[in-house]
Amino acid sequence: MNSLVINKLLFVSFLCFICWIIYLANTGGHSLFFTMVRSFPYGDKVGHFGLFGMLTLLANMATKNAMFTLANMRCLWASAVIVVLVTLEELSQHFLSHRNLDLYDWLADMAGISCFSLLNLYVANKFRCGKDVNPTKLNRE
């Protein structure tokens, strides 16, 4: 199996895990994961940072760092899609009885997405993975 197939499988597996976590939270379910997160200060925020950051990293790897240009800035497609989906998911919590809309959760999500996107760009540039991963380079292919 080549690395791209492995990256896609890792991404899909992790996405399924996050969907399961969101389902449990939305339905008031319980899991060992929630107990563990509540056991240390700011565990919820660290969880948001790590989960959505890792999802972003895996998505960018699975899409071979596909990029687009927006306002003279190169952006990773997968990161942009995840920002939109995570924002919609956080906003949807306003309408669920077991959840509450929390700006700090969303900020932790965005910090994770941003940090892991930068990590992805660093690693991709270091090892020359994907095409034109330098966000400051505006050459259009």
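Side-chain atoms are counted along with the backbone in the values below, which use heavy atoms only and exclude waters and symmetry mates. As the structure is a prediction and not an experimental result, all values here were calculated from the model.
When the shell of 6.0 Å around OH of Tyr122 is examined, it contains 12 or fewer heavy atoms from other residues, nucleotides or ligands.
Put simply, the side chain of Asn120 never gets that close to the backbone of Phe116: no donor and acceptor are under 3.5 Å apart. Judged by distance alone, the side chain of Ser114 and the main-chain N or O of Ala111 form no donor-acceptor pair under 3.5 Å.
Both Phe17 and Leu15 sit in one connected hydrophobic cluster of ILVMFWY residues. Membership requires side-chain heavy atoms under 4.5 Å apart, directly or through other members.
Tyr42 belongs to no hydrophobic cluster with other residues, because no ILVMFWY side-chain heavy atom falls under 4.5 Å from its own, directly or through intermediates.
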- Just do the side-chain contact (heavy atoms from CB on, under 4.5 Å) check on Leu107 and Lys45 with the steps written out, would you? CA-CA 9 Å; Leu107 289 173; Lys45 304 311 176 242; over 6 Å; no

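Atom-to-atom distance recorded for Leu118:CG and Ile113:CD1 is 12.0 Å, nearest 0.5 angstrom. The distance from atom CZ of Arg74 to atom CG of Leu121, rounded to the nearest 0.5 Å, is 10.5 Å.
Of all heavy-atom pairs spanning Asn7 and Met61, the tightest one is OD1-CE, 3.3 Å. When all heavy atoms of Phe34 and Leu24 are compared, the closest pair comes out as CE1-CB, 3.8 Å.
Contact of the Leu85 side chain with the Glu89 side chain is not registered, since no non-hydrogen atoms from C-beta on lie closer than 4.5 Å. Residues Phe14 and Leu58 have side chains in contact (heavy-atom distance under 4.5 Å, counting atoms from C-beta outward).
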